Participant: 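Following this message is one structure expressed as structure tokens.
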Amino acid sequence: MAILLQALISGLVLGAVYAVMTVGLTLVYGSLRTMNMAQGSYVMIGGYVAWLAFNSYGISPWIGLVLAAVVAAVFGVLTELSAVRPFVGHKDIDFEMTVYISTLAVTIILSAGALIIFGPRSKAIPPLIPGGFELPGGVVVTWQSVVIMVIALVTLTGLSWFLNSTRHGLSVRAVAQEHDAARLAGIRTVRVYMLTMALAASLAGIAGVLLAPLYFISPVSGDLPLLKGLIVAILAGLGSLRGTIWGALMVGLIEAIVSAYFGVGASLPILFVLIMVVMVLRPNGLFGLPQEERL
Amino acid sequence: MSRRDREVQRQLGWRPLPWLPLLGVTIAAAVVPLVFTDSYIINLLILTLIYATLNQSWNLTIGMVGAWNFAQLGLFAIGGYLAAFVCLRWGISPWFALVVGMLGAAVANVALAIPSMKLRGIYVALLTFSFAEVIRLGIIYDDSGLTGGVFGLSGIPGLFEGLSPEGSRRATYWVVLAVCIGTAILIHRLMRSPFGIAFQALRDSTKYAVSLGISMRTYYVFSTTLSAAFAGLAGGLYAFQYTTISPSVMGLTPLSLLVLMILVGGMGTVTGPIVGTVVVMLLTEVLRGTGEWRMLLLGTILLGILVVQPTGVVRLFDGLFGRIGQWMNAPTEQPAKDADDRADMVEAAPQDQEGVSKAETVRSPGGDSHVG
């Protein structure tokens, strides 16, 4: 019983981090109708920023969180300029797929850059609040888990406020809903693209700092988050933000429970079998909306 | 071939095979191991040919059918691991093991293709990519000893155990060359058959093709299974050539190399992947001295190529001849007299009631962007 409770708790924590990470993917897909495969790299960058701030300047990881968000946002903008903007409106190509590959190229460049700058050895940063407390039944809850949940909640709430109540957030949603009508309404869609990607990247950066004490920071520390993000995206479908959050929680819980009972190596294959089953039954994902095809 | 057949082929864009140059290249390639005895070069060429086969198989789905399938390296690995496994554990002859590897990859692909059939393009890309990653990470985290985990399987016998190292290398080279050329011939024949025409129809104008009764699902499964079989074959050959196979054959780095090869060569042609493979292998050799910077440079080159010419570098040269021809044959300058005449003609065009000249061009609505 204790194992199950422990797994549930870590599942929720994982799910929360995945939610923060993957919401960015959904945002970008909604606005630009393409996948940003560099999302994992921003997680890695966030981790490195926090590590650099802490290690070299003694800056607390709390501030590192904010720094990571900012730096990741910068990289998001750079990605947009180099890997997305050149293809917007290009007639001869399949936009979706070309950007898929170009953002893959960006991931490689960023990983290689991290390897050159920081070297191949993993880095670690201390948890934001060390230690934990014990619940009746022998279940240990680390303060870091609590912090992660709180920060994730705050971030997602902030995002929701931004998207619903601010002018720029509404323009992001407008572009996602109906691209041409947004342009007619005077929204500069290309600027919205940049904003969306910067936002998505900063979210991933935050997730990177949250994940860093759990999984070490290395040039390839973006690979696994990207894969998890893709799994969540496929499972939940790329249509709705709320669906993505639920999907992230589901994936986190399944991963934690499977890991607890069957070992760490089993969670990925089982997750994959699960999404294959979901794909057969609901090709648009559990919460996905059947997308109208761009003609 | 009747005149009508020739006309149809011309309209389809089929150009007759340049037999003589191809034969010459084949003979030159076959003679290479007799002329160059440096083992490093021969091994490099063997690797190039293996990748060329892999890229051709990938081209079958991504270039010919237009299905965005990123599982290729996973199938490559499945073929290799399976062939290695049955050879090591059960002592099956390497040749037979190759076939087992092919079948295994094909079967794995069918399992993957069934959910992929109904999915939209981007989901297929994500699903297949995840498939390859899950296989890679699944092997890395495998403690059971079946797959050897991070270190992979080793001690795999070569294809020609009885021969001297040099003889074995040469024989392997010729086998791999034969496989590569055989694959090319097969794919070429396939694309010229009714199957191939159906593939291209699905790629260029999916809805129209489906409305004509060409089922995307059947052809997708068929093309990906065939592609998987060849990928598995390439994987098996890889395993027997290097006597080890490990998860490092998969992952973003090899994938980016493959993507680069296919982009440079251009998708959708038979020779494209081969040319792309050769060029990129040369590039990696040239960049070998740069150490850590290699992947950074490769990634930047990939991005650069995409931005400059997303449809493939070979296409760049394709149009070059045409453009040079246009430039050389450009009409001489019109004297001013003609310009005046044309202006008069526009003035004289009948105006309709709203005052809009009928000579104004009509814009075509929307626009199907598939150029094929």
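These numbers were taken from a predicted model, which means no experiment stands behind them. Labels below follow one simple rule: chain letters A, B, ... track the order of the sequence lines, proteins then strands, and each chain is numbered from 1.
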Participant: For B:S130 and A:L227, work out which heavy atoms get closest and say how close.
Facilitator: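 B:S130 and A:L227 have their closest heavy atoms at CA-CD1, 3.8 Å.
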Participant: Are any non-hydrogen side-chain atoms of B:R136 and A:D223 less than 4.5 angstrom apart?
Facilitator: yes
Participant: Can you tell me how far the CE atom of A:M279 sits from the CD1 atom of B:I114, to the nearest 0.5 Å?
Facilitator: 15.0 Å
Participant: Minimum heavy-atom separation for B:F129 and A:L230, please, with both atom names.
Facilitator: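 In this case the closest contact between B:F129 and A:L230 is CD2-CD1, 3.4 Å.
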Participant: Taking all atoms of both residues into account, what is the closest heavy-atom pair of A:A105 and B:G299, and its distance?
Facilitator: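 Heavy atoms only, the tightest pair is CB-O, 3.9 Å.
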Participant: In Å and rounded to the nearest 0.5 Å, what is the CZ to CE distance from B:F70 to A:M37?
Facilitator: 8.0 Å
Participant: Need one label for B:V307: side chain, backbone, both or neither, based on atoms under 4.5 Å from any heavy atom in chain A.
Facilitator: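 Both parts, backbone and side chain.
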Participant: Within a strict 4.5 Å, meaning less than it, do heavy atoms of the A:F272 and B:L137 side chains meet?
Facilitator: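 No, too far: nothing below the 4.5 Å cut-off.
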Participant: Decide yes or no for B:L255 and A:I108: does some side-chain heavy atom of the first lie under 4.5 Å from some side-chain heavy atom of the second?
Facilitator: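 They are not in side-chain contact.
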Participant: So, for B:V134 and A:P269, which heavy atoms are closest and what is the spacing to 0.1 Å?
Facilitator: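 In terms of heavy atoms, the two residues are closest at CG1-CA, 3.9 Å.
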Participant: If you look at every heavy atom in A:I101 and B:W68, which pair is closest and at what distance?
Facilitator: CD1-CZ3, 4.1 Å
Participant: Between A:E96, A:M97, A:M276, which has the largest tally of heavy atom pairs under 4.5 Å with chain B?
Facilitator: A:M97
Participant: Taking the side chain as C-beta and beyond, is there a heavy-atom pair between A:I109 and B:L303 under 4.5 Å?
Facilitator: yes
Participant: Taking atom CZ of A:F216 as the centre, does the number of heavy atoms from other residues, nucleotides or ligands within less than 6.0 Å exceed 12?
Facilitator: no
Participant: Mind checking the CG-CZ spacing from A:L115 to B:R294? Nearest 0.5 Å is all I need.
Facilitator: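 Rounded to the nearest 0.5 Å, the CG-CZ separation comes to 12.0 Å.
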Participant: Please classify the contact of A:L224 with chain B as side chain, backbone, both or neither, using a heavy-atom distance under 4.5 Å.
Facilitator: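 Looking at A:L224, just its side chain touches chain B.
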Participant: Measure B:F131 against the heavy atoms of chain A and call it side chain, backbone, both or neither at under 4.5 Å.
Facilitator: both
Participant: Can you tell me which portion of A:V106 sits under 4.5 Å from chain B's heavy atoms? Options are side chain, backbone, both or neither.
Facilitator: side chain
Participant: May I ask you to check whether over 12 heavy atoms, not counting those of B:Y208, lie within 6.0 Å of atom OH?
Facilitator: no
Participant: For B:L126, which of A:I231, A:I234, A:I275 qualifies under side-chain contact (heavy atoms from CB on, under 4.5 Å)?
Facilitator: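 Only one option passes, and that is A:I234.
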Participant: About how many Å separate CG of B:L306 and OG of A:S82, when rounded to the nearest 0.5 Å?
Facilitator: 11.0 Å
Participant: With B:I214, which residues qualify under side-chain contact (heavy atoms from CB on, under 4.5 Å), at least two apart?
Facilitator: B:A198, B:A201, B:L202, B:A209, B:Y219
